[in-house]
There are 2 protein chains.
Amino acid sequence: MLEKAALILDCFSPSGGPYRLSELSERTGLPKPTVHRLAADLVGLGWLERSGPRYLLGAKLFELGSLVPHRRDLRETALPFLQDLFEATRETIHLGVREGMEVVYLERIHGHEALRLPSRIGGSLPLTCTAVGKALLAFSGAELTEEVLSLPLPSLTPHSITDPARLRTALEKIQVSGLAYEEQEAASGVSCIAAPVFAGDNAVAALSVAVPRTRFRPAQLAPAVRTAALGLSRVLRGAGGPRSPLS
Amino acid sequence: MLEKAALILDCFSPSGGPYRLSELSERTGLPKPTVHRLAADLVGLGWLERSGPRYLLGAKLFELGSLVPHRRDLRETALPFLQDLFEATRETIHLGVREGMEVVYLERIHGHEALRLPSRIGGSLPLTCTAVGKALLAFSGAELTEEVLSLPLPSLTPHSITDPARLRTALEKIQVSGLAYEEQEAASGVSCIAAPVFAGDNAVAALSVAVPRTRFRPAQLAPAVRTAALGLSRVLRGAGGPRSPLS
DNA sequence: ATCTTTGTTCCGTGACACGGAACAACGCGG
DNA sequence: CCGCGTTGTTCCGTGTCACGGAACAAAGAT
């Protein structure tokens, strides 16, 4: 029963858009009466909302989602640095963490100029075609790198790297420089530069600046991103303590 | 069964803190084996996580919560204005909406100086003792005002307004000026100024600047807050269209 | 070493989730 | 205006699986 409720809620990933009863029934594979009953229950709990014939994710989920400790704490301590980075660049800023073989975005701030990007808070993208993802991958241990390279590389645009050899050399450069670049691999017309945030040897997060390709000036962005990432690393080291628990 | 799962998850509001099995059992009133089984199921779905003997809210909830349309869309269109406001003031910025007789915060951005405030993203506070809440209340129709005034007024600090008459005159001033003030009513040592965001006659949101009491200069903050709120109102009007559906 | 508290497993019982079928309410084209 | 496909809702008999007491195991506390 929980499982079926989860199936229903998962329909809303990643579009979030409203669905009708029969769409939910079709997408979940559950019979209509079952969806009807469960959806009603979920509405009662505030996990879904219903406006006319359409179902939407409910406010309660927003409330619960905001409380998830990992996400909330990191976002909270990172925010001042993201703001610094935004003020320094006035471009779109990302904060992301690794989850399996994907990057999950915890925060994304921007000004009035809306860049059309596939990244969304709470959403995930392949590690291999975003700057944040590459920064994370380059500092997540050799085993993960090998695993990623052994699988077919997904692509978001025609520019996404799909050649394992190219990716490998790219990762090596990132490990040396501490900076990850990406040009139109996640969205056409957008370039990106990212720096890893460390807590120990491995990256626990990464932050990036996304810029329209036409005005991408890496030399000017690099110091800002690096500074922000190092500042955050330092605060995390101090806050979590050097005793940082393994699990 | 869904209801019981919801009881468990609701234990994490508002602290979000980790709980042990028996704490969950006690807080929910459910017998231990039941909680044990449900918690295991929830972990399987990613709605809870378990580190050692402690349960935490899981990453899946963050993902789902980020998709809730009302919250996400408003937050997204408001963000550039929040950034403007932050750059102009370099103080803590809030974005909130009304939900029943409380204000729910959708966003809170700040710099390195951490103000100790009761407001949290996804969290809710009484309408009556926050600037955002008062701005919302003043423009949510007379019926709601009367209902709020007819009930005992909650307080967060000794400075919170508890006298209905005082609150009534305060609301009238807000309706005239389009600005809501609050001094140490939500947190001692912190003052706040808020402006409503309109979509039609009523406020759909409000945004505020929170400042340490000692450097609270309303005359300098007021124009900035008002400008941001009006800018957001204008964009919302344009985006949602003047045909804005009722439901 | 003993006791207390917490976590886990087991399992018989019965509540209630389940979904096919039948019905009602739309919306559309003729 | 009226059939007709689609979608939403209600009903209800069946069978399942959630339920939680009891008993056991593990971890701290004294």
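Letters A, B, ... are given to chains in the order of the sequence lines, protein chains preceding strands, and every chain is numbered from 1.
- Counting only distance, with no hydrogens or angles, the side chain of B/Ser160 and the backbone of B/Glu185 share a donor-acceptor pair below 3.5 Å.
- The OH atom of A/Tyr19 sits 15 Å away from the P atom of D/dG8 (whole-angstrom rounding).
- Below 30°, between 30° and 60°, or above 60°: for B/Tyr105 and B/His94 the angle between ring planes is between 30° and 60°, a tilted geometry.
- Formation of a donor-acceptor pair under 3.5 Å by the A/Thr157 side chain with backbone atoms of A/Gln184 is found in this model.
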Anything under 3.5 Å between a donor and an acceptor, one on a side chain of residues 4-18 of chain B, the other on a protein residue two or more places apart or in another chain? List them.
| from | atom 1 | to | atom 2 | distance (Å) |
| --- | --- | --- | --- | --- |
| B/Ser13 | OG | A/Glu63 | OE2 | 3.1 |
| B/Ser15 | OG | B/Gly17 | N | 3.4 |
| B/Ser15 | OG | B/Tyr19 | OH | 2.8 |

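- Under the 3.5 Å distance criterion, the side-chain polar atoms of A/Ser25 are matched with a main-chain donor or acceptor of A/Leu30.
- Overall, the helix from C/dA1-D/dT30 to C/dG30-D/dC1 carries an axis bend of 50° between its ends, with five pairs at each end and the value rounded to 10°.
- Residue pairs satisfying the salt bridge (charged side-chain N to carboxylate O under 4.0 Å, His left out) criterion with at least one member in residues 109-124 of chain B, sequence neighbours excluded, are listed as follows: B/Glu113-B/Arg215.
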With a cut-off of 3.5 Å and sequence neighbours excluded, list every side-chain donor-acceptor pair involving residues 33-49 of chain A.
| from | atom 1 | to | atom 2 | distance (Å) |
| --- | --- | --- | --- | --- |
| A/Glu49 | OE1 | B/His70 | NE2 | 3.2 |
| A/Glu49 | OE2 | A/Ala59 | N | 3.1 |

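- Mapping heavy-atom proximity under 4.0 Å, the span of DNA chain C touched by chain B runs 5' to 3' from C/dT6 to C/dT9.
- Under the 3.5 Å distance criterion, the side-chain polar atoms of B/Arg98 are matched with a main-chain donor or acceptor of B/Gly100.
- Between B/Phe198 and B/Phe139, the ring-plane angle classifies as perpendicular under the 30° and 60° cut-offs.
- Of the residues in residues 23-38 of chain A, those with a non-hydrogen atom less than 4.0 angstrom from any atom of DNA chain D are A/Lys32, A/Pro33, A/His36.
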Next item on the list: Give the intermediate values and the outcome of side chain to side chain contact (heavy atoms under 4.5 Å, CB included) for residues A/Leu74 and A/Val197.
Entry: CA-CA 11 Å; A/Leu74 181 52; A/Val197 176; 5.9 Å; no
